[in-house]
Peer 1: 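I have a structure I would like to understand better, so I am pasting it below and will then ask my questions one at a time.
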Number of protein chains: 2
Amino acid sequence: MTKPATIRDVAAAAGVSIAVVSRVLNDGSGPVSAGARQRVLQAMQDLSYRPRVAARELKSGPTSTIGLLLADVTNPFFARLADSVVREARSRGVQVVLMTTQEDPRLEEEALATLASRRVSGVIATPTATNAGAWQHLGDLQTRVVFVDRYLDSVPLADVVSIDNERSAREATEHLLELGHRRIGFVSGPLSTTTGRSRTDGHLATLAAHGIEPESELLRNIPFRGDQGADAMGSLLERDDPPTAIILANTAQAVSGLRRLRQAGVKVPSELSVVVFDDNPWTELFAPALTIMRQPTELLAAHSVDLALSQQPDATAGRTLMVEAEFVVRSSTAAPTAARVPSN
Amino acid sequence: MTKPATIRDVAAAAGVSIAVVSRVLNDGSGPVSAGARQRVLQAMQDLSYRPRVAARELKSGPTSTIGLLLADVTNPFFARLADSVVREARSRGVQVVLMTTQEDPRLEEEALATLASRRVSGVIATPTATNAGAWQHLGDLQTRVVFVDRYLDSVPLADVVSIDNERSAREATEHLLELGHRRIGFVSGPLSTTTGRSRTDGHLATLAAHGIEPESELLRNIPFRGDQGADAMGSLLERDDPPTAIILANTAQAVSGLRRLRQAGVKVPSELSVVVFDDNPWTELFAPALTIMRQPTELLAAHSVDLALSQQPDATAGRTLMVEAEFVVRSSTAAPTAARVPSN
DNA sequence: TTGTAAGCGTTATCAC
DNA sequence: GTGATAACGCTTACAA
């Protein structure tokens, strides 16, 4: 009803100057007598005074806010990441502005402009496009840029936090090879993303190392969002020589892919082994429980927040932090059955 | 590298006064000659100038920012809500500050204080506790408070957007009664939440209306977060007289509850019918596909943002908006089999 | 220990 | 059309 109290109102009520109030506000910033402090505190109570962030920010430059620019909160992996980032940030008294891009370069560019005008101290992002100019501008504004999960080679000033995707793909592929699989379907994200590329590289390298001729027809690069997992799965199954195992990049791809599998009546793992690059609570619920690659979300978040908040004098080159993913073997992978072994 | 350009730098570069720059910035706010506008625009480009939100906010009071205070982003329902809210807000040029409370009253109180100091124009929240004072203070600051999904009776100034939980529970219960079930387990959220209460009320009222004596031992009020669904499920199954059907409030409860079901080797729906209050992509993947109550997230979000942004002169009493939930019958519900029909 | 006063980057109100 | 100039609420030298 009444308009918000300002620092002046508090000062008046406490019978001191605004400088004193400011000092008790920013605790260590100067001497205040016990009595004055008491009266100020009391006045703040009475007037239910709350300092305005905007005013504070105006003076003291960069704020204790970080931007979190995610491709898709609906993706459980990103949701968990968001949860962890928000928690981690909160524990350091930092706020998080969440924005989503839906994998749309235009939205991303817009979001970056807004973040720039906010003068956030750092941005944690899963980049979608090479908005090189925008990222650069952010850097010029002294905003730390941290890429998490994926990154852009064209933006060297950014820090990177991620799992070793190439190695993870290798691990998954090796697991299947050891079980005896020779034709492995690989559904990755777009090759325009580092995740898509690294995993594909790791996969192909592993095949090569085991003397297996990679068949490019077994590779599917589809968007992370959406239902294309079903089509990818379908086209893979319809081959004369269908794969005996498959690796899926994503929860969304897994859900739509598995749905197609079910429609086709394909049995897992007897007819097809399945590995998914993403863990979820329900993943165990699926029959059979899925073999998955688990990313340490908490850790990714902690490091990202760390970097986003860190001052870095020489901001021309970013740092790279790799954390370990955990491969969890459950029941969706097994040796290929004779029935599906190639006839050649 | 160089420090961010201010409005003054732009003015200098364009050879005009800051007033002119300000006018081209806020398009309609005054006359500017075409020539001047051109030069200013050019200068802004060259200096890659970005107006500072903080300064703007300082002047013009409430900002175009809303707070989104969720209990748990990890809950897919809330994640979808967040996604929709962010999208909806973006389409109106409004930013979203996301905060999570983890159902912890203390965290919630903290978050509310921060939001107050931010002078956000509105807050959309799934309240956890009766931080009545904090909510009131927010209202005093002219911040619209919108409760979504759940609400607090003790905060009358807030708007409410939600499904009709009582009716939804009724619908679910009636479905099961029609199939012939008589002993229905009901796992709800805490009775301290309106969702928990309304659904329980709806359920019990429906039983009563059908002349069925409600057994309070079939009711379980457990937290929305965490794994207590498993215990609830377990204790229900261990009864001499176990229910033939069960209603679960939540994805988290469903996941842990269903896991327990699987461990116990209970067959769905032949031995137990299951209804879940929440839809998810994987819900169809579960064998058998789950019968669910689907909340219209998009709509909830759209209305919430609407209200959060709306000016309301008489802010003493909030508005209430109910949207319709959709009950989707799939394969996890069926008539109870003779084998489990009570022997009495 | 306290108070005064000069900004911080914008917007908006005036005179010109 | 344009340009001074006074706010906005706060922090921070610097003086007292």
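By convention in this document, chain letters (A, B, ...) are assigned in the order of the sequence lines, proteins followed by strands, and residues within each chain are numbered from 1.
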Peer 1: Distance check needed: D/dT12 P versus A/Asn26 CG, whole Å only.
Peer 2: 6 Å
Peer 1: Output all residues satisfying salt bridge (charged side-chain N to carboxylate O under 4.0 Å, His left out) with B/Arg23, sequence neighbours left out; order by chain, then residue number.
Peer 2: none
Peer 1: Considering only side-chain heavy atoms of A/Pro51, which listed nucleotide, D/dG3, C/dT11, D/dC10, is closest?
Peer 2: D/dC10
Peer 1: Using five base pairs at each end, measure the axis-to-axis angle across the helix from C/dT1-D/dA16 to C/dC16-D/dG1 and round it to 10 degrees.
Peer 2: 40°
Peer 1: To the nearest 0.5 Å, what is the distance between CG (A/Leu98) and CG (B/Leu68)?
Peer 2: 8.5 Å
Peer 1: Rounded to whole Å, please give me the gap between CD1 in A/Ile18 and C1' in D/dT11.
Peer 2: 9 Å
Peer 1: The criterion is salt bridge (charged side-chain N to carboxylate O under 4.0 Å, His left out); which residues satisfy it with B/Asp306, sequence neighbours excluded?
Peer 2: B/Arg92
Peer 1: Would you check if the side chain of B/Thr128 reaches a backbone N or O of B/Asp104 as a donor-acceptor pair within less than 3.5 Å?
Peer 2: no
Peer 1: Verify the contact: side-chain N or O of A/Ser22 to OP1 or OP2 of D/dT11, cut-off strictly under 4.0 Å; return yes or no.
Peer 2: yes
Peer 1: With heavy atoms under 4.0 Å as the rule, sort B/Ser33 into base, sugar-phosphate or nothing.
Peer 2: sugar-phosphate
Peer 1: Look at all strands and tell whether B/Arg50 reaches a base, only sugar-phosphate, or nothing, counting heavy atoms closer than 4.0 Å.
Peer 2: sugar-phosphate
Peer 1: Nearest-Å distance, CZ (B/Arg8) to C1' (C/dG9)?
Peer 2: 6 Å
Peer 1: Under the side chain to side chain donor-acceptor pair (under 3.5 Å) rule, what pairs show up with a residue in residues 71-84 of chain A, not counting sequence neighbours?
Peer 2: A/Asp72-A/Arg225, A/Arg80-A/Asp278, A/Asp83-A/Arg87
Peer 1: Can you see whether A/Thr65 engages B/Arg118 through a side-chain donor-acceptor pair at a distance of less than 3.5 angstrom?
Peer 2: yes
Peer 1: Which residue is it: A/Ser304, A/Pro127, A/Ser162? I am looking for the one with a side chain to side chain contact (heavy atoms under 4.5 Å, CB included) to A/Val148.
Peer 2: A/Ser304
Peer 1: Out of curiosity, A/Ser117 OG to B/Arg56 CZ, how far, rounded to the nearest 0.5 Å?
Peer 2: 7.5 Å
Peer 1: Which atom pairs link the protein and nucleotides 14-16 of chain D when you take only N or O atoms and keep those under 3.5 Å?
Peer 2:
none

Peer 1: Measure distances between side-chain N and O atoms of A/Lys59 and base N and O atoms of D/dG9, and say whether any donor-acceptor pair falls under 3.5 Å.
Peer 2: no
Peer 1: Given D/dG9, is OP1 or OP2 found less than 4.0 Å from the side-chain N or O atoms of A/Thr6?
Peer 2: no
Peer 1: Just the rounded figure in Å: distance from P of C/dG7 to CG of A/Leu58.
Peer 2: 14 Å
Peer 1: Ignoring hydrogens and angles, tell me if any N or O in the side chain of A/Gln102 forms a donor-acceptor pair with the backbone of A/Leu107 under 3.5 Å.
Peer 2: no
Peer 1: What is the distance, to the nearest angstrom, from the CZ atom on B/Arg56 to the P atom on D/dA7?
Peer 2: 22 Å
Peer 1: Using whole Å, what does the distance between atom P of nucleotide D/dG1 and atom CD of B/Gln38 come to?
Peer 2: 15 Å
Peer 1: Would you indicate what A/Val21 reaches in the nucleic acid, counting non-hydrogen atoms under 4.0 angstrom: base, sugar-phosphate, or nothing?
Peer 2: nothing
Peer 1: For B/Phe77, enumerate each residue passing the ring pair (Phe, Tyr, Trp, His ring centres under 6.0 Å) test, keeping only those at least two apart in sequence or located in another chain.
Peer 2: none
Peer 1: In whole angstroms, how far is the P atom of D/dG3 from the CD1 atom of B/Ile7?
Peer 2: 12 Å
Peer 1: Round to the nearest Å and state the distance from A/Arg52 atom CZ to D/dC10 atom P.
Peer 2: 8 Å
